[in-house]
Amino acid sequence: MAEAGVPRELRDLMPALGAHGVVFHVDEVAYPAGGVEDGDYVVSINGRRCVVWTAEDWRTDQAWTVAVVRPLAVLNDLLAEAGATPRLFTLYAGMNDGVVWLLDPRIVDAVADSGLVEEREIPALAVLG
């Protein structure tokens, strides 16, 4: 998603989120054609500005992770506003084998509380932070 892929990748989530009352549209607002030093990658999700990554995110080796988490966090806000229970969780965000799951948070809590799964294997809620 870090390489101008947010609109394309989020499109795959539309049917699942639509089943929970969330209809969304993603527009690319800015993508620095000259390189990461030339500006931020910004999208708009239902009119909400989402900074996908900044030059600082690249300098701190966080761009691949935040490019996944930030847009999903906006979608989680839309799920909350729709009154839906599930939220988008990530596992291995920013890595080639990263995944996103639409889960009831109680499932994630139960897995975490079980003690049967290593902490690094517990999906993380996509939130802005």
Side-chain angles (χ1 to χ4, degrees):
M1 290 180 31
E3 297 175 335
V6 170
R8 178 188 68 247
E9 295 298 325
L10 293 187
R11 200 172 312 130
D12 292 342
L13 300 175
M14 286 181 172
L17 297 186
H20 293 282
V22 174
V23 177
F24 66 93
H25 180 77
V26 182
D27 292 306
E28 189 170 274
V29 174
Y31 188 84
V36 299
E37 301 83 21
D38 291 342
D40 301 340
Y41 176 23
V42 181
V43 298
S44 173
I45 302 172
N46 286 10
R48 296 171 194 222
R49 187 174 191 270
C50 175
V51 176
V52 178
W53 53 252
T54 66
E56 178 64 18
D57 294 323
W58 283 101
R59 280 191 293 278
T60 59
D61 291 325
Q62 293 299 308
W64 288 93
T65 300
V66 298
V68 172
V69 174
R70 289 175 181 160
L72 295 179
V74 173
L75 294 178
N76 274 338
D77 288 346
L78 294 175
L79 283 162
E81 290 171 11
T85 298
R87 295 293 183 272
L88 295 164
F89 289 80
T90 64
L91 195 55
Y92 315 120
M95 300 174 72
N96 287 335
D97 56 352
V99 295
V100 60
W101 289 337
L102 181 63
L103 298 170
D104 184 319
R106 295 171 294 190
I107 293 170
V108 177
D109 290 342
V111 169
D113 292 344
S114 74
L116 299 172
V117 178
E118 293 180 37
E119 187 174 336
R120 64 183 174 84
E121 297 293 330
I122 298 171
L125 180 65
V127 294
L128 294 174

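Scope of the values below: all heavy atoms of this structure, side chains included, with no hydrogens, waters or symmetry mates.
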State, to 0.1 Å, how close [X] and [Y] come at their nearest heavy-atom pair, and which atoms those are.
X	Y	answer
Val43	Val29	C-CG2, 3.7 Å
Pro71	Val52	CG-CG2, 4.4 Å
Val108	Pro123	CG1-O, 3.6 Å
Met1	Val68	CE-CA, 3.9 Å
Leu72	Ala126	CB-CB, 3.6 Å

Counting C-beta onward and ignoring hydrogens, is there a side-chain heavy-atom pair between [X] and [Y] closer than 4.5 Å?
X	Y	result
Val42	Arg49	yes
Leu102	Leu79	yes
Pro105	Leu125	no

Could you work out, with salt bridge (Lys or Arg N to Asp or Glu O under 4.0 Å) as the rule, every residue matching Glu56, not counting sequence neighbours? Arg59
Approximate separation, where rounding is to 0.5 Å, of [X] [atom1] and [Y] [atom2]:
X	Y	atom1	atom2	value
Gln62	Thr54	CD	OG1	10.5 Å
Leu103	Thr85	CG	OG1	12.0 Å
Asp77	Asn46	CG	CG	11.5 Å
Arg87	Ile107	CZ	CD1	13.0 Å

Only pairs under 3.5 Å count here: list side-chain donor-acceptor contacts from residues 7-27, not counting sequence neighbours, and write none if there are none.
residue	atom	partner	partner atom	Å
His25	NE2	Asp27	OD1	2.8

Can you name the residues that form a side chain to side chain donor-acceptor pair (under 3.5 Å) with Thr65, not counting sequence neighbours? none
Residues passing the side chain to side chain donor-acceptor pair (under 3.5 Å) test with Glu118, sequence neighbours excluded, are Arg120
Applying ring pair (Phe, Tyr, Trp, His ring centres under 6.0 Å) to Tyr31 and not counting sequence neighbours gives Tyr41, Trp53
Listed once per pair and sorted, the side chain to side chain donor-acceptor pair (under 3.5 Å) pairs that draw on residues 99-112, sequence neighbours left out: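 Listed by first then second residue: Asp104-Arg106.
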Whether the side chain of Asp38 engages the backbone of Pro32 through a donor-acceptor N/O pair (distance < 3.5 Å, no angle test) should be reported.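 The answer is no, because no donor-acceptor pair under 3.5 Å joins these two groups.
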Is any NZ, NE, NH1 or NH2 atom of the basic residue among Asp57 and Arg70 found under 4.0 Å from an Asp or Glu carboxylate oxygen of the other?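 Here Asp57 pairs with Arg70 in a salt bridge, since their nearest N and O are under 4.0 Å apart.
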In sequence, state the C-alpha distance, the side-chain angles, and the governing distance for Ile45 and Leu75, and then conclude on side chain to side chain contact (heavy atoms under 4.5 Å, CB included). CA-CA 8 Å; Ile45 302 172; Leu75 294 178; 3.9 Å; yes
In the single-linkage hydrophobic clustering (I, L, V, M, F, W, Y; side-chain heavy atoms under 4.5 Å), do [X] and [Y] co-cluster?
X	Y	result
Val99	Ile122	yes
Leu128	Leu88	no
Trp58	Val6	yes

Counting only heavy atoms not in Asp97 (residues, nucleotides, ligands), do more than 12 fall under 6.0 Å from its CG?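 Atom CG in Asp97 is packed in, count exceeds 12.
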